[in-house]
Trainee: 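Attaching a single structure in structure tokens format; questions to follow.
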Amino acid sequence: MGEVIVVTSGKGGVGKTTTTANIGTGLAKLNKKVVLIDTDIGLRNLDVVMGLENRIVYNLVDVVEGSCKVKQAMIRDKRFDNLFLLPAAQTKDKTSVTPDQMKKLAEELKAEFDYVIMDCPAGIEQGFKNAIAGAERAIVVTTPEVSAVRDADRIIGLLEANEIGKTQLIVNRLRPDMVKRGDMMSAEDVIDILAVDLVGVVPDDESIVVATNNGEPLAGDSSLAGQAYMNICRRILGESVPLLSLDDKKGLFKALAGVFRKS
Amino acid sequence: MKLTDIFKKKTSSEMAKDRLKLVLVSDRSSCSPEIMDRIKNDILEVLSKYVEVDQAGLDIKLTQMDTEGADSDNKSVPALYANIPIKNMKHTSN
């Protein structure tokens, strides 16, 4: 029996979809059978981040309405045989699906997959309720900014009220240089404020933009963000992995970049 | 501590943390100004049975305090702070 995880944040644009894509890719790399569900009906994006936008035939709404079988709507990943995407509908809205239907779908998929990961839309309305309906665990994504942290706090409260068993936090787009000079809250600061378990810190990394451009999530590659995502996946599996030392690595990368520039 | 530290401005991350802590207190308490007002009036009603309260100096608000005890992990909880100056004790006739 697999586990259902919802990736959520409250605020938009903090990296939920990127996180979902990378956790899915990372877990698949660790030989888990994973399905990603884009619950952002009307504003689907997980398909383009995964690079699977040209393969969509059926979508989530088709599945819950019974117009097709789940198997027909799931798209196999380009690179990993054990990773699937269930895309959102683009022409419908959030009310096309109910929390009960999502719960039923999650139960069904849990039997076949190790991890069912829901990519939640921004906000706290119907789309959020749909995404958390079947979830047993939540990963809350935030950035070290006041607006994102405030929304994360609200979301954590709502997750508690809906009795989601376990809530863990990812601090995304951290810039160690800014933290160092006191112009950005550190991951510790954010944890201190939100009083929730940290599952990982992802540095602000240009390679994320490149990976999204190419439609190939970078979890597990040599970039800093790729390593950070892989560590998060290992922690999700229950391994205890120390936090990446963002400072030293950055120094090393800069040094390496310097060498290449000279030659 | 160096003398210059006294004049040192707070860093922007410290500002962010302080502001967030404050705003989250009211967010978490989910207490509208209307309810606060009713709490205030109810407290006053009870107190005025026994004492004469200085209404102008009244200060009732929701704030945050650290929990005590070993298992608390130093978490902050919302707390009702009330400063109610008393003008006079009422002497009951019986």
Side-chain angles (χ1 to χ4, degrees), chain A residues 8-11 14 122-125 128 140-162 166-169 171-198 201 203-204 246-247, chain B residues 1-43 58-84:
Chain A
T8 181
S9 70
K11 186 177 179 298
V14 297
I124 53 174
E125 295 85 17
F128 170 74
V140 176
V141 183
T142 188
T143 59
E145 293 159 276
V146 281
S147 49
V149 174
R150 183 189 196 179
D151 289 359
D153 187 74
R154 183 98 169 86
I155 286 293
I156 290 166
L158 289 171
L159 290 168
E160 269 174 26
N162 284 279
K166 195 172 177 186
T167 299
Q168 291 168 304
L169 189 80
V171 179
N172 198 14
R173 290 206 204 119
L174 191 92
R175 288 187 48 184
D177 53 327
M178 288 189 75
V179 173
K180 218 172 201 173
R181 61 170 195 260
D183 277 336
M184 184 179 270
M185 287 185 284
S186 65
E188 292 76 30
D189 289 337
V190 177
I191 287 299
D192 184 32
I193 289 166
L194 294 177
V196 66
D197 289 336
L198 184 71
V201 180
D204 192 26
L246 301 174
D247 255 357
Chain B
M1 194 169 101
K2 276 183 275 179
L3 189 67
T4 49
D5 287 350
I6 301 169
F7 305 105
K8 214 179 194 174
K9 248 178 68 186
K10 261 190 186 173
T11 65
S12 72
S13 70
E14 283 169 327
M15 281 290 289
K17 221 181 148 179
D18 291 348
R19 288 176 54 220
L20 259 171
K21 278 184 173 170
L22 265 175
V23 76
L24 288 185
V25 171
S26 57
D27 282 4
R28 284 172 185 168
S29 65
S30 65
C31 194
S32 63
E34 208 174 84
I35 303 226
M36 253 338 271
D37 221 40
R38 274 160 58 187
I39 293 177
K40 193 167 107 182
N41 288 337
D42 284 358
I43 291 176
L58 194 70
D59 184 16
I60 296 178
K61 63 188 175 199
L62 271 169
T63 152
Q64 202 174 29
M65 63 182 285
D66 293 331
T67 48
E68 283 167 29
D71 54 15
S72 66
D73 261 355
N74 270 337
K75 279 181 188 164
S76 301
V77 292
L80 186 75
Y81 167 89
N83 184 18
I84 307 170

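Bear in mind the structure is a predicted one, so any value in this text is a computation, not a measurement. Reminder, nothing fancy here: chain letters follow the sequence lines and each chain counts from 1. The analysis underlying the following values was restricted to heavy atoms, covering all of them including side chains, and did not include hydrogens, waters or symmetry mates.
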Trainee: Apply side chain to side chain contact (heavy atoms under 4.5 Å, CB included) to A:Thr167 and list each qualifying residue two or more places apart in sequence or on a separate chain.
Mentor: A:Ala138, A:Val140, A:Ile156, A:Leu159, A:Val196
Trainee: Is the shortest distance from a Lys or Arg side-chain nitrogen in B:Asp27 or A:Arg154 to a carboxylate oxygen in the other one below 4.0 Å?
Mentor: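 No, this pair does not count.
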Trainee: Taking only residues two or more places apart in sequence, or in another chain, which ones meet A:Thr143 in a side chain to side chain donor-acceptor pair (under 3.5 Å)?
Mentor: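 Once residues adjacent in sequence are excluded, the partners of A:Thr143 under the side chain to side chain donor-acceptor pair (under 3.5 Å) criterion are A:Glu145.
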Trainee: Minimum heavy-atom separation for A:Asp192 to B:Lys21, with atom names?
Mentor: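 Heavy atoms only, the tightest pair is OD2-NZ, 3.8 Å.
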Trainee: Between A:Asp189 and chain B, which part of the residue has a heavy atom less than 4.5 Å away: side chain, backbone, both or neither?
Mentor: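 For A:Asp189, backbone and side chain are both near chain B.
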Trainee: If you count heavy atoms of other groups shown closer than 6.0 angstrom to CE of A:Met178, is the number above 12?
Mentor: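 Result for CE/A:Met178: enclosed.
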Trainee: Could you check whether atom CZ of B:Arg19 has more than 12 heavy atoms from other residues, nucleotides or ligands sitting under 6.0 Å from it?
Mentor: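 It does not: B:Arg19 CZ has 12 such atoms or fewer within range.
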Trainee: Please confirm whether the backbone N or O of A:Met185 pairs with a side-chain atom of B:Ser13, one donor and one acceptor, at under 3.5 Å?
Mentor: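 No: the side chain of B:Ser13 does not pair with the backbone of A:Met185.
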Trainee: Please name the pair of heavy atoms, one in B:Leu24 and one in A:Ile193, separated by the smallest distance, quoted to 0.1 Å.
Mentor: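 In terms of heavy atoms, the two residues are closest at CD1-CG2, 3.3 Å.
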